[in-house]
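Written out below as C-alpha cells is the structure these notes cover.
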There are 2 protein chains.
Amino acid sequence: MTANPSPLALSNQLCFAFYSVSHAFSRAYRQFLDPLGLTYPQYVVLLVLWEQDGLTVKEIGDRLFLDSGTLTPLLKRLESAGHIRRARDKKDERQVRISLTKTGRALREKAEEIPRQVGCVLGLPVDELRALTEQVAKLRSRLHDSASPSLKS
Amino acid sequence: MTANPSPLALSNQLCFAFYSVSHAFSRAYRQFLDPLGLTYPQYVVLLVLWEQDGLTVKEIGDRLFLDSGTLTPLLKRLESAGHIRRARDKKDERQVRISLTKTGRALREKAEEIPRQVGCVLGLPVDELRALTEQVAKLRSRLHDSASPSLKS
DNA sequence: TACAATTCAATCGCGTACAATCTATAAAGA
DNA sequence: TCTTTATAGATTGTACGCGATTGAATTGTA
C-alpha cells in the first residue's frame, strides 16, 4: 500500500499512514521504555501524572481518550510495579484517585531523556515537528467531533 | 495533554497525537465497517487483496508492516467469515497463499463508499489531505529506517 | 550429497483498545 | 424523603500488535 501505483482513495491512504506510523512510533519508544519496564501507554499515563498528581481515572481518561476498560487494568499494573497508588476518593466514593509513589516520581528523571532521543530518530527540524503536531491535533478534533458515540465529552 | 500549558517535549506531543488520531480514525471507520462485520485491520488486509489477489502472508505483512503473529489469527477470522481461502503454496510449502472467495470479492463493492464517507467526516480539502499523507509517510520511513530490529526489510 | 543457516508461518504470552454490562455511589426530581 | 436518573469504575469478551519461540521447508555451502 505504500508505493501503490493504483489510485487508492485518499482517506484510506491517510488513515493507514496514521495507523502504521502510530505503531512505528510505539516501536521507536519501546527501545527506550523497555529498560524502564514501561509500555508506551503506561508511559503516557505517567506523563499525565507527572504533570498533575492525584487525578481520578476519569480525568486521566479524558486527557488520553481512553476509558476505564483500558485504564483499570493498566493502572493496576502500574500499581503492582510500585509506581502509583489507587484509592477511593473520600468525598465521592465512586471515584478512584491515582497518586504517584516515591519510585513513580523518581522514574521521571530516568524518562527525561526519552523525547530528545526520539527526536534524534525523527531527525526533523523543530518547526516542522510543531506544524505537523498542530495539523494532527486539528484532525483529531474533527474526528472526535463527528462519530464516536463513546468518549463524547 | 491536549491543551497542555506546560512545555511537554515536542516528540512526545507528536507521538501522542499520532497515537490518539490513529484510534480516532479506527473509531470513525468502525461505524462503516461494523455493518460489513469487519474490523479496520481486516479491512486493510482486504484492501491489499483487492489490489492483488493470491499474495503470501509475508507479502501482506510487508505491505502492512505486520508480522505473522498478528496476521495468522486475523486471516483465520477472515477465512471463517468466508472472505478468503488459505492454502500452502505447492512450489514452496513454507508459504501460505491467501486468495479471495467470491463473497470476499463481492464485499469490495459494499466497501467502495467508505473512503468517501470518511472523507466527509474529515472535511479537509483534498490537497491538504494529500500533503499530510505525504508528510506522514515520510515520517514513517524515518522511523522504520532507525530502530525496529523486527520488520527490517 | 550432507549439513548448517535461513525463511516462512504458526503458536504462545502479555498488554492494550473498546463495546457492553454490572455495581456502587451520588445527584435530581416528585 | 423516596425514587429515578446519572456517573465512576470494574469486569467480561473479542480482536489486535508484537516479542519470542517452534517446526517445517528451502537454500547455501563445504
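Note that the coordinates shown come from a computational prediction; the quantities given were computed from them, not determined experimentally. Order of the sequence lines sets the chain letters (A, B, ...), proteins ahead of strands, with each chain counted from 1.
Rounded to an integer number of Å, the gap from CZ of B:Phe65 to P of D:dC18 is 11 Å. In this structure, A:His23 atom NE2 and C:dA17 atom C1' are separated by 11 Å, rounded to whole Å. Nucleotide D:dG17 holds its C1' atom 14 Å from the CD atom of B:Gln42, rounded to whole Å. With rounding to whole Å, B:Tyr19 atom OH is found 15 Å from C:dG15 atom P. The distance between atom CD1 of A:Ile98 and atom C1' of D:dA8, rounded to the nearest whole Å, is 12 Å. Rounded to whole Å, the distance from CZ on A:Arg88 to P on D:dA10 is 5 Å. Across the protein-nucleic acid pair, B:Asp34 atom CG and C:dC18 atom P stand 13 Å apart, rounded to whole Å. Regarding B:Arg77, its CZ atom lies at a distance of 5 Å from the C1' atom of D:dA15, rounded to whole Å.
Within 4.0 Å of B:Arg86, counting heavy atoms only, lie sugar-phosphate atoms of the nucleic acid but no base atom. In this structure, A:Leu71 reaches neither bases nor backbone, as no heavy-atom distance under 4.0 Å exists between it and the strands shown.
Side-chain N or O atoms of A:Arg97 include none that pairs as donor or acceptor with a backbone N or O of A:Arg86 at under 3.5 Å. The backbone N or O of B:Gly104 sits less than 3.5 Å from a side-chain atom of B:Trp50, completing a donor-acceptor pair. Remark: the backbone N or O of B:His83 is paired with a side-chain donor or acceptor of B:Thr101 at under 3.5 angstrom. Under the 3.5 Å distance criterion, the side-chain polar atoms of A:Gln31 are matched with a main-chain donor or acceptor of A:Ala28.
For B:Pro41, whose side chain is taken as the heavy atoms from C-beta onward, the closest listed nucleotide among D:dC16, C:dA10, D:dA10 is D:dC16. Side-chain proximity of A:Arg94 to C:dA26, C:dT6, D:dC18: nearest is C:dA26.
Side-chain N/O atoms of A:Ser20 and B:Arg140 include a donor and acceptor closer than 3.5 Å. Using modelled atom types and a 3.5 Å distance limit, the side chains of A:Asn12 and B:Tyr29 yield a donor-acceptor pair. Side-chain atoms of A:Gln52 and A:Arg63 form a donor-acceptor pair, as typed in the model, at a separation below 3.5 Å.
Taken to the nearest 0.5 Å, the CG atom of B:Leu139 stands 8.0 Å off from the OG atom of B:Ser141. Once rounded to the nearest 0.5 Å, the distance linking CG of B:Asp92 with OG1 of B:Thr56 reads 9.5 Å.
Between A:Asp89 and A:Pro73, the residue anchored nearer the 5' end of DNA chain C, judged by the nucleotide with its closest heavy atom, is A:Pro73. With DNA chain D read from its 5' end, the first of the two nearest nucleotides for A:Ser26 and A:Leu75 is the one closest to A:Leu75.
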Protein and nucleotides 20-22 of chain D: nitrogen or oxygen contacts under 3.5 angstrom:
none

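Checking the phosphate oxygens (OP1, OP2) of D:dG17, no side-chain nitrogen or oxygen of A:Arg30 falls inside 4.0 Å. Look at B:Lys76 and you'll find a side-chain N or O under 4.0 angstrom from OP1 or OP2 of C:dT11. For A:Thr70, no side-chain nitrogen or oxygen approaches OP1 or OP2 of C:dT16 to under 4.0 Å.
Comparing the end axes of the helix from C:dT1-D:dA30 to C:dA30-D:dT1, each fitted to five base pairs by superposing C1' atoms of four pairs onto the next four, gives an inter-axis angle of 10° (nearest 10 degrees).
Screening A:Val48, A:Leu55, A:Ile60 for a side chain to side chain contact (heavy atoms under 4.5 Å, CB included) with A:Ile98, the sole residue that qualifies is A:Ile60.
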